[in-house]
Amino acid sequence: MSYNFKEVESKWQKYWSKNQVYKALNNNSLPKYYVMDMFPYPSGAGLHVGHPLGYIASDIYSRFKRHNGFNVLHPQGYDSFGLPAEQYAIQTGRHPVETTNENIKRYREQLDRLGFSFDWSREIRTSNKDYYKWTQWMFIKLYNSWYDYDSDKSKPVEELVNIFEKRGNTNINACVSDSIEFFNSEEWILFSESKKENILLCYRLAFLSEIDVNWCSKLGTVLANDEVVDGLSERGGHEVVRKKMTQWSIRISAFSERLLEGLKNIDWPDPLKEMQRNWIGKSEGALVKFDIENFEKKIEAFTTRVDTIFGVTFITLAPEHPFVSKITSKENKNKVDDYILESSKKTERDRISDVKTISGVFTGGHAIHPLTKKKLPIWISDYVLASYGTGAVMAVPCGDQRDYNFAKFFKIPIINIFKNVDISNEAYHSKDKYELINSKFLDGMNFHEATSKAIKELIKVDKGVHKVNYKLRDAVFSRQRYWGEPFPVYYKNNHPVMINEKYLPIILPDVDKYLPTEEGKPPLGNSKCWAWDIKKNKIVENSLIDNKNIFPMELNTMPGWAGSSWYFNRYMDPNNSDFFASKESLDYWREVDLYVGGSEHATGHLLYSRFWQYFLYDHNLVPVPDYAKKLINQGMILGNSAYIYRLNGSDKYFSYGLIKDKNVQAIHVDIKFVNSNNELNIDELKNWQPQFYNSKFELENNKFFVKREVEKMSKSKYNVVNPDEICDKYGADTLRLYEMFLGPIDQAKPWNTAGISGTFSFLNKFWNLFHKNDIFLINDQEPSKDELKTLHKTINKVCQDIENFSFNTAVSAFMICVNELNSLKCNNRLILKDLCILLSPFAPHICEELWSKLGYNQSISNVNYPIFNPEFVKESNIEYPVSFNGKLRFKLNLEISLNIDEIKKIILNHEKTPQYLNGKEIKKVIIVPRKIINIVC
RNA sequence: GCUUCGGUGGCGGAAUUGGUAGACGCGCUGGAUUCAAAAUCCAGUUCUUUCGAGAGUGUGGGUUCGAUUCCCACCCGAAGUACCA
């Protein structure tokens, strides 16, 4: 007899929703606990069984916390701006709003079936105008801020203007674009408004600049660094080229050190922190200034090996370096121009894949070594990146392999500065175990001595400073897309102007076409109504643009990470129309206590959102700088794909065992047509796709076998398993338990539908313990000692496991518990009561049902969790001695409070302790303060 | 190349601070029940074996009374990152 999960699950889902059981209140005397999932992008494909993994884990934890007396906030929402909806719109002409709403509806249905305890009254969508109003508001705030390194925080731009008026910009330690000139207060006051604007733009945290961007022509948009993988777009895998464009950027680089330091204060997985550290890429070294022959400016080169300064034999600049044209001699001009042209044609991908080729051109110019005053030839080469450091390298061929290869290839001299080191074949790049020679005052020193001495000397002659460099780049914030937040910006005399926050939100206009315009402008250029009237303070028709009262609007939209960088704050007070969240709600919920999501967002969302929160914190808009105390990454659930093999150039398929060394091509087939023995149902396959209809299938023992392979679940691999099907067949509780049972939450693990019968029969066993022929049957006596022991063992284990996020072992503990109760034939009321509460975070529906059968008419959700009582699980002091590998061991209860000599005495005098072991007399007893004691002869 | 994580039966995976390796589940084998099947229940299931035992947690060493666990070297796999000066 099995329980009717369909009836039970839909009954309780309705009950929870109707009674708003999981609604969190903003004012409550209970301690708060905030559990959040990374909100999904609602794609058209719906959910597969991999998606809910993290949601199940966070749901278990939320329910557990609720049982432990916390006021739990567990919200859910949608990251609903994004590229797929837009591409679908381009293909079909349907408005992204429509398809997004449909997808969300489908997601919601699928989520609801799994019995999550989300507080849906707080649902948010980043594409709702009431939400993106605040994204726009924060953008304006970023625009009106600059970064002050002295106090290490961002501040309002008005303060900066004050400083400029009083003492110019020479003495401020701000994060600024490199093209800044110095001025004093008198000069500032005399600057034109336009010039002032341009200068301020170099300080603003949201700024416009002409930059090299990752341009993807296929997607018609620029991409952030983390959206480019191996020189191809992350979405779609299209080619990405470098291109100069005027774009909005966010000065996240100002926050590099804080983002790095802040990692110490948050309990996030170490691998993820490590990824962020690598991405920020802090390196410490020196900035060395080289005078140039016949040119007034200096080349600045960043190096981490200033100790090798006397090994410098040439300078290499990136082809894009601004000085290149200035220092190139007449006779080298043609070659240099050719080289620059050639390297600018190369895509990012070419440059990466072509690492081995050594190329470069001598400019004809020379720099002066700051300490030896020797002439150093200046070369250009594309192994030097304009985007890292200063785009200039002081080349030390004896100590750096790339410089070495370059010098050998172009026959540039190499000076050896390492004592007793052979550099005839390769450079010596180790920082340890060397002694310097040929290095004047550094001779005889090691790395640390030489580094600090060299920096001191450089400072003395004003040719260098100590410098910390970061890889982290400013983040490009403009997207040439339709389906994103519009900027609250119009242009007046080519200067961006922020629309007053009173008039937000600036609502995304409708367009006829979602493609770029014919002139190559972003899709918003297709809108007929996208101009700003400064008199009426509203959006008006384009045709009215006169650049006096009516100005053109910004045509770009914001990237996907804009809306997701602060959404955790909005859940605290999602319907507030006066502010993104009220001060009271922010002060009550403060930060996310547990954040669950995938590690693929390590260098994207999880970095941007940390930055964004620091920024809000600097302006006293949020109460804490770190928005998520603890984060766990759920691993991916992998699919079990099926392949069949076609003989190349034919229409003939071979069963897997018949392939041997035939020349075959592997083809994915839908796993629906394959049974657990890897046999393929050929008839179903033929009906699936016409290409198989007339194909020949070579059988093996009258059967056709496929090859199985574990890989990422995806529609294109035909290996997705839909949670709806599992819910239909086994129920949500079984699915929840099984997903947790598969393995550690943070590990990738393959899905195997066959294995689900284990958790399914566990729930049936549990149900049947208290049912006879579908009738609820329990006894009201005091539980037996054995029953209590089983129960409390389980309480102890499960509570520990939940706190450690070890949900797979918790499920095992439940299975052991039910097996033991089964052999005890236990149907005790009090045991069931505690077990119901204990299991309810994992399998809420069945527990809620049994709970109501016990006669309670309140939901189980807020009942106190059972408390472990160690009295019930005590064991006897000494068990039988066991012979093991020629040794004896005893099991002792840890609670014995005897000293070691007393324990020895007990053991040696114990009636079961032999005097001899393997024919030898026992002479020595070694006590290890553990459960088990060895006696060694 | 660099950084990080991992390697345990046919499979997913357990194993407190070093203390009876393989919990729990799948699969498989045998049995009960059934006209039969499904479902359910019971027993067995690391390998070798001359049935006494022996070997065994990627490989080779080391520390220890004792190592899946700690240390060293190597092999393999996954993820991230990369002309980063």
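Bear in mind the structure is a predicted one, so any value in this text is a computation, not a measurement. Here is how names work: the chains are called A, B, and so on, in the same order as the sequence lines, proteins then strands, and each is numbered from 1.
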Might you point out which heavy atoms bring A:E284 and A:F302 nearest each other, and give the distance in Å? C-CZ, 4.3 Å
May I ask you to say what A:T759 touches in the nucleic acid, namely base, sugar-phosphate or nothing, with a heavy-atom cut-off under 4.0 Å? nothing
Take the protein atom CD of A:E711 and the nucleotide atom P of B:G77, then report the distance between them rounded to whole Å. 18 Å
Between B:U45 and B:U34 - C1' atom distance, rounded Å: 26 Å
Could you go through the ring pair (Phe, Tyr, Trp, His ring centres under 6.0 Å) check for A:Y434 and A:F447 one step at a time? CA-CA 8 Å; A:Y434 73 71; A:F447 173 74; 7.0 Å; no
Nucleotide of B:C83, B:U3, B:U40 approaching A:N278 most closely (side-chain heavy atoms): B:U3
Quote, to the nearest angstrom, the C1' distance that separates B:G9 from B:G56. 11 Å
Salt bridge check, A:E257 against A:K282: does any charged N sit closer than 4.0 Å to a carboxylate O? yes
Without decimals, in angstroms, what is the distance between A:Q401 CD and B:G1 P? 14 Å
Nearest-neighbour nucleotide for the A:S283 side chain, B:C84, B:C26, B:A85 considered: B:A85
Between A:D403 (CG) and B:C84 (P), how many Å, whole number? 10 Å
Among B:C83, B:A85, B:C41, the one nearest A:R402 by side-chain distance: B:C83
Expressed in whole Å, how much space separates the C1' atoms belonging to B:U8 and B:U46? 10 Å
Going by ring-ring contact (aromatic ring centres under 6.0 Å, His included), name the residues that satisfy it together with A:Y428, two or more places apart in sequence or in a different chain. A:F418
Can you check the distance between B:G77 and B:U16, where both ends of the measurement are the C1' atom (answer in whole Å)? 29 Å
Polar pairs (N or O, both sides) under 3.5 Å between protein and nucleotides 5-15 of chain B?
| residue | atom | partner | partner atom | Å |
| --- | --- | --- | --- | --- |
| B:G12 | O2' | A:L742 | O | 2.6 |
| B:A14 | OP1 | A:N808 | ND2 | 3.2 |

Rounded distance in Å between the P positions of B:A55 and B:A67: 13 Å
Side chain to side chain contact (heavy atoms under 4.5 Å, CB included) with A:L737: which of A:F762, A:F760, A:Y730? A:F762
Could you check whether any side-chain heavy atom of A:I315 comes within less than 4.5 Å of a side-chain heavy atom of A:V393, counting everything from C-beta outward? no
With distance as the sole test, does A:N827 use its side chain to make a donor-acceptor pair with the main-chain N or O of A:L769 at under 3.5 Å? no
Is the backbone of A:P744 close enough, under 3.5 Å, to the side chain of A:K749 for a donor and an acceptor to pair up by distance? yes
Between A:A813 and A:K471, whichever has its closest RNA chain B nucleotide further toward 5' is A:A813
Rounding to the closest angstrom, what is the interatomic distance between B:U63 and B:C28 at atom C1'? 42 Å
Side chain A:S343, main chain A:I340, donor-acceptor under 3.5 Å: yes
With rounding to the closest Å, how many angstrom separate the P atoms on B:C2 and B:G10? 34 Å
Identify whether any heavy atom of A:N819 sits under 4.0 Å from a base atom; if not, whether one sits that close to sugar-phosphate; answer base, sugar-phosphate or nothing. sugar-phosphate
Before giving the answer on side-chain contact (heavy atoms from CB on, under 4.5 Å), spell out for A:I60 and A:M740 the whole-Å C-alpha distance, their side-chain angles and the decisive distance to 0.1 Å. CA-CA 10 Å; A:I60 289 171; A:M740 291 300 103; 3.6 Å; yes
From B:C26, B:C24, B:U4, pick the nucleotide closest to the side chain of A:M815? B:C24
Can you tell me if A:Y656 has over 12 outside heavy atoms packed within less than 6.0 Å of its OH? no
What is the separation between atom CZ on A:F302 and atom P on B:C83, rounded to the nearest whole Å? 16 Å
Start at the 5' end of RNA chain B and walk down; is the nucleotide closest to A:E274 or to A:G758 reached first? A:E274
Regarding the side chain of A:W279, the nearest nucleotide among B:A85, B:C26, B:U81 is B:U81
Could you tell me the separation between the CG atom of A:N822 and the P atom of B:C42, rounded to a whole number of Å? 7 Å
d(CZ, A:R305; P, B:A85) in whole Å: 11 Å
Expressed as a whole number of angstroms, how long is the span from A:K825:NZ to B:C41:C1'? 10 Å
Considering residues, nucleotides and ligands other than A:E342, do more than 12 of their heavy atoms fall under 6.0 Å from its CD? no
Glycosidic conformation of B:G9, taking syn as within 90° of 0 and anti otherwise: syn
Ignoring backbone atoms, test whether A:N633 places a side-chain nitrogen or oxygen under 4.0 Å from the OP1 or OP2 oxygen of B:A79. no
Base-paired stems in RNA chain B, each at least three Watson-Crick or G-U pairs under 3.5 Å: B:1-7 with B:75-81, B:10-12 with B:24-26, B:27-32 with B:40-45, B:46-48 with B:53-55, B:58-62 with B:70-74
Set of residues satisfying ring-ring contact (aromatic ring centres under 6.0 Å, His included) with respect to A:F410, sequence neighbours excluded: A:W379, A:F406
Suppose the criterion is side chain to side chain donor-acceptor pair (under 3.5 Å): which pairs have a residue in residues 733-744 of chain A, not counting sequence neighbours? A:D59-A:R736, A:D733-A:H845
In whole angstroms, the gap separating C1' of B:A78 from CG of A:D746 amounts to 14 Å
Listing time: all N or O pairs from protein to nucleotides 43-45 of chain B that are below 3.5 Å?
none

Distance between P atoms of B:U59 and B:C76 (Å, rounded): 15 Å
